[in-house]
Undergrad: 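Take this structure, written in structure tokens, and hold onto it; I'll ask about it next.
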2 protein chains.
Amino acid sequence: MAKKLLSFHHFISLLLLLILSFQSSNGLPLKSTRRSPRLLGRFSKPTKPLLKNYKYETRYFDQNLDHFSFADLPKFRQRYLISFEHWVGPEKAGPIFFYCGNEGYIDWFAENTGFVWELAPRFGALVVFPEHRYYGESMPHGSTSEAYRNASTLSYLTAEQALADYAILLTDLKKNLSAEACPVVLFGGSYGGMLAAWMRLKYPHLSVGALASSAPVLQFEDIVPPETFYDIVSNVFRHESRSCFNTIKTSWDALLSEVHKEDGLLQLTKTFHLCQKLNSSVDLSNWWDSAYTSLAMANYPYPTEFLMPLPGDPIKEVCRKIDSCPYGTGVLECIFEGLNVYYNYTGSVDCFNLDDDPHGENGWNWQACTEMVMPMSSNRYSSMFPEFYYNYTEYKEGCWEDFKVTPRPTWITTEFGGHDFKADLKNFGSNIIFSNGLLDPWSGGSVLEDISESIVALVTEKGAHHLDLRAATSEDPNWLLEQRAKEIMLIEDWIKSYNDRKHLAEI
Amino acid sequence: MAKKLLSFHHFISLLLLLILSFQSSNGLPLKSTRRSPRLLGRFSKPTKPLLKNYKYETRYFDQNLDHFSFADLPKFRQRYLISFEHWVGPEKAGPIFFYCGNEGYIDWFAENTGFVWELAPRFGALVVFPEHRYYGESMPHGSTSEAYRNASTLSYLTAEQALADYAILLTDLKKNLSAEACPVVLFGGSYGGMLAAWMRLKYPHLSVGALASSAPVLQFEDIVPPETFYDIVSNVFRHESRSCFNTIKTSWDALLSEVHKEDGLLQLTKTFHLCQKLNSSVDLSNWWDSAYTSLAMANYPYPTEFLMPLPGDPIKEVCRKIDSCPYGTGVLECIFEGLNVYYNYTGSVDCFNLDDDPHGENGWNWQACTEMVMPMSSNRYSSMFPEFYYNYTEYKEGCWEDFKVTPRPTWITTEFGGHDFKADLKNFGSNIIFSNGLLDPWSGGSVLEDISESIVALVTEKGAHHLDLRAATSEDPNWLLEQRAKEIMLIEDWIKSYNDRKHLAEI
């Protein structure tokens with residue numbers, strides 16, 4: 001009976017969430033619909049990234065806005081970082097390391113992809129980090145506000161256009177550097193990893209292989225169960241501490257109870273040190289959700305500043321705070337202590353702002369409402385998050401509300417490979433490493449087993465979101481060193497096979 | 001010295017051709033710039049094709065105008081012919097034969113692709129003939145005149161969009177027919193053959209193989225010499241009759257001499273029985289050019305009505321007429337006798353109209369001015385056509401004049417495979433038959449040697465443009481029967497391998 005009541009309660013709270021989520025419609029993207037979590041978490045967009053550790057030049061390349069039509073559209077300047085520091089040049093067939101930029105400032109990704117920079121001297125490689133269109137400085141229509149103005153200006157923000165940008169930039173670079181014969185190795189993490197893997201399928205002639213780290217290429221339609229993502233986050237917390245998991249699991253109800261009290265929203269504003277008065281519980285629950293999922297992604301074994309400044313093993317720290325909450329303290333106060341690890345590890349924040357995207361410029365919302373439809377559910381038995389079920393009709397309506405756009409939920413599988421994606425990879429793909437850490441909630445939507453001799457999975461039990469792409473540290477555990485060593489060996493193999501083939505063709 | 005004069009003369013005539021070719025600019029596509037010949041020849045667009053021999057239904061499918069952006073564009077209705085007559089259904093994994101429609105009415109191609117219809121009962125196959133966007137009835141923007149109004153309305157006429165149309169239609173059909181597990185075999189001739197081959201590279205998960213007949217996938221940039229096409233046409237004529245070749249070769253100068261006479265254009269109008277007075281020699285020389293190149297394509301061993309009603313071995317007939325021209329007859333009169341075989345074999349034409357495309361609705365002109373930039377030259381030593389050299393700057397300027405569009409001459413190789421296309425096919429492709437007849441001028445831009453175990457070339461010495469795709473006749477020579485038998489065996493192999501793989505996966 002208790003269970004049934006809980007379930008009913010959850011149903012009501014879901015209903016409330018949904019009703020509330022469709023109220024704000026000032027034309028800017030809403031933050032509150034039940035979309036898939038952003039690949040890189042929210043509240044995590046540094047505005048002034050500094051790439052102080054690596055030598056490179058910043059260059060720009062004029063790209064067509066639509067590669068697949070001849071509409072008379074203005075070109076845009078794509079930014080890319082390029083480093084010749086270690087390149088041995090075309091005479092020695094020095095490789096080109098090409099990182100497929102993802103949804104943010106390219107210097108941010110470059111800063112957090114030390115592996116590529118550190119590999120360059122060993123391979124005598126040219127390093128290129130192109131920025132993804134509609135992110136960072138690579139803005140069509142002259143400015144971010146113009147590019148993000150409406151569905152019409154945003155309409156060319158798609159993965160296929162980004163891949164074509166990379167194909168064209170790469171072809172042009174190779175030609176201008178007389179490097180046509182130099183082998184290209186693709187890298188990418190998260191969405192960038194998806195792009196790197198897809199690039200192997202769609203433009204195989206332009207590279208010798210791809211390291212696709214934490215790339216959830218299977219997170220579409222019904223290829224993996226929709227509960228996968230939230231189940232992994234929940235499991236990581238439960239594995240860390242069952243009581244921590246339970247506290248979080250009950251806290252959503254506590255939040256709703258508080259909301260229904262008189263002055264509940266005001267009380268919540270105080271408890272959570274918010275800068276502005278809370279308008280709806282959904283803003284707060286989204287803020288919680290973001291912290292937990294982002295913590296699971298950035299659950300690195302040493303302190304990092306990727307999504308936020310965080311201690312090593314941050315979930316351990318969060319749960320330590322929640323579990324050590326003094327007897328008699330309310331559950332919401334305990335949750336606040338835990339969330340502080342994510343949102344205020346440096347202790348410098350006076351109050352929290354729940355509006356992470358005041359200008360509606362986070363392109364991932366658009367991408368999730370067009371091509372990147374990743375069904376997500378939260379199962380009431382296995383998940384510590386509120387129960388909810390993926391409902392495409394509501395998803396679609398939310399996208400129409402936000403952007404006046406209709407998603408194409410089956411397009412990605414049509415374009416890049418169908419429901420039997422692993423068989424497709426096996427039959428038609430080659431030279432891809434899918435690397436994943438099982439602490440990463442996105443790992444469940446990636447490839448976790450060897451597909452063929454040349455499409456291999458490197459899985460680490462304790463890794464988080466594209467940990468392998470990070471710069472080496474003195475604290476790297478052995479299993480991480482081993483993973484990277486395997487990656488290097490495979491990349492060497494790709495290049496050697498390519499050179500052998502080329503040599504054979506020449507004699 | 002004579003040679004030098006001739007060369008100078010040719011230079012002047014080329015200059016004249018060029019000057020004349022840029023005079024008309026009423027906004028409609030010009031017919032006179034030195035573009036690549038149309039894949040299927042000009043003057044060859046039947047307006048009321050009749051598919052009387054085969055049973056099928058005509059259906060329509062709503063397609064997005066731009067698959068690679070989310071601009072708010074109107075959908076268009078894609079027509080497709082579908083025949084369930086011989087399909088054994090999804091329970092028996094009956095194959096799907098899918099013809100990649102090319103630049104014209106789909107019923108025209110269906111009528112001239114009897115091979116697919118005749119194969120269906122043997123394989124228990126479903127037959128689908130989708131129409132290419134912007135051709136036939138599959139017109140965006142509501143009507144042909146609207147679709148072809150300007151560069152903006154035409155801008156979505158590209159090969160990538162057409163491939164995506166096919167991918168989406170195919171995926172939808174399979175789903176609706178519960179035929180997800182049924183193997184798909186692609187067919188295509190000429191440009192349709194290019195699409196079939198490219199579909200194997202870009203959407204390999206959607207088919208088990210492709211028969212790409214007379215598909216000039218190498219006719220881009222400098223992959224094959226630009227003289228290839230006209231040299232093949234010329235060789236076919238020379239091989240038929242050296243005197244015929246010589247007469248044609250000298251006739252271009254005779255044409256120019258005539259033009260320079262007083263009342264020359266009027267005289268030419270009479271000699272060639274034109275309906276309207278000739279405005280410039282270029283209109284006439286284009287008309288000649290079209291006849292010779294189309295004759296080489298349609299040089300079938302038995303009478304056909306593909307491009308025009310023609311006798312069997314039509315070039316033999318043309319040369320017989322030219323060579324048997326009574327002593328003392330002018331060269332132009334002799335040429336007219338020859339051309340009559342192509343333009344008036346039935347004898348029903350009273351006068352000839354040089355304007356083959358009065359409404360500017362031949363989409364190939366647009367495609368040649370955007371993606372399908374196929375460099376063409378005519379070498380003065382080896383060719384029977386006037387000397388001319390491919391000049392991209394002029395090509396580009398002509399396209400701007402005609403359509404206000406700038407071509408992207410390196411896009412096709414970036415998108416589908418680079419200069420080393422054969423190596424790309426070998427490394428990344430599978431299950432493609434490139435079938436070619438060496439009489440076909442497009443064969444020089446196709447794949448004429450086996451690339452790998454599963455990418456094979458079937459070459460016949462005496463075949464013309466996608467002869468193998470035509471319906472069987474009692475006059476089919478043995479070498480054609482053998483070619484088709486090999487194709488059937490290979491298709492059977494593809495389906496068998498697919499079924500074996502599927503069976504293995506199920507146990």
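Below, chains carry the letters A, B, ... as their sequence lines are ordered, and counting in each starts from 1.
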Undergrad: With a 4.5 angstrom heavy-atom cut-off, could you sort out which part of N64(B) is near chain A: side chain, backbone, both or neither?
TA: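 Looking at N64(B), just its side chain touches chain A.
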
Undergrad: Determine the option with the most heavy-atom pairs under 4.5 angstrom with chain B, choosing from I168(A), D72(A), L201(A).
TA: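 It is I168(A).
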
Undergrad: Between Y203(B) and E415(A), is any pair of side-chain heavy atoms under 4.5 Å apart?
TA: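 Answer yes - side chains close enough.
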
Undergrad: Between T370(B) and chain A, with a heavy-atom cut-off of 4.5 Å, which part of the residue counts as in contact: side chain, backbone, both or neither?
TA: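 Both parts, backbone and side chain.
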
Undergrad: Kindly state whether the ring of F68(A) and the ring of W411(B) have centres lying under 6.0 angstrom apart.
TA: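 Yes - the distance between ring centres of F68(A) and W411(B) falls below the 6.0 Å cut-off.
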
Undergrad: Supply the atom-to-atom distance D66(A) CG to S155(B) OG, rounded to the nearest 0.5 angstrom.
TA: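 Result: 7.5 Å between the selected atoms.
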
Undergrad: Taking all heavy atoms of F428(A) and all of P204(B), pick out the closest pair and write down the distance.
TA: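 Looks like CZ-O, 3.2 Å.
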
Undergrad: Could you state the interatomic distance from CG (L206(A)) to CG (D424(B)), rounded to the nearest 0.5 Å?
TA: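 One gets 8.0 Å once the value is rounded to the nearest 0.5 Å.
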
Undergrad: Are the side chains of T158(A) and F70(B) in touch, meaning some heavy atoms are under 4.5 Å apart?
TA: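 Yes, close enough: below the 4.5 Å cut-off.
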
Undergrad: Flag yes if more than 12 heavy atoms outside K502(B) fall under 6.0 Å of its NZ atom; otherwise flag no.
TA: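 Counting other residues, nucleotides and ligands, NZ of K502(B) exceeds 12 neighbours.
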
Undergrad: Of the listed residues (V405(A), N427(A), T414(A)), which shares the most heavy-atom pairs with chain B below a 4.5 Å separation?
TA: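 Of the candidates given, the most pairs with chain B belong to T414(A).
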
Undergrad: At a 4.5 Å cut-off on heavy atoms, which part of F421(B) comes close to chain A: side chain, backbone, both, or neither?
TA: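 For F421(B), neither part sits under 4.5 Å from chain A.
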
Undergrad: Output the option from E160(B), K404(B), K202(B) having the highest count of non-hydrogen pairs under 4.5 Å with chain A.
TA: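 Most heavy-atom pairs under 4.5 Å with chain A: K202(B).
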
Undergrad: Using heavy-atom distances under 4.5 Å, tell me whether T413(B) contacts chain A through its side chain, its backbone, both, or neither.
TA: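 Backbone only.
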
Undergrad: Walk me through whether H205(B) and D420(A) qualify under side-chain contact (heavy atoms from CB on, under 4.5 Å).
TA: CA-CA 9 Å; H205(B) 53 287; D420(A) 214 2; over 6 Å; no

Undergrad: Report which part of T406(B) has an atom under 4.5 Å of a heavy atom belonging to chain A: side chain, backbone, both, or neither.
TA: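 The backbone, not the side chain.
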
Undergrad: Nearest 0.5 Å please: distance from the CG atom of L73(B) over to the OG atom of S69(A).
TA: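 The OG atom of S69(A) is 8.5 Å from CG of L73(B), to the nearest 0.5 Å.
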
Undergrad: Which one, R408(B), Q161(B), E180(B), leads in non-hydrogen pairs under 4.5 Å with chain A?
TA: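 Result: the option with the highest number of such pairs is R408(B).
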
Undergrad: Can you tell me which portion of H419(B) sits under 4.5 Å from chain A's heavy atoms? Options are side chain, backbone, both or neither.
TA: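 Looking at H419(B), nothing touches chain A.
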
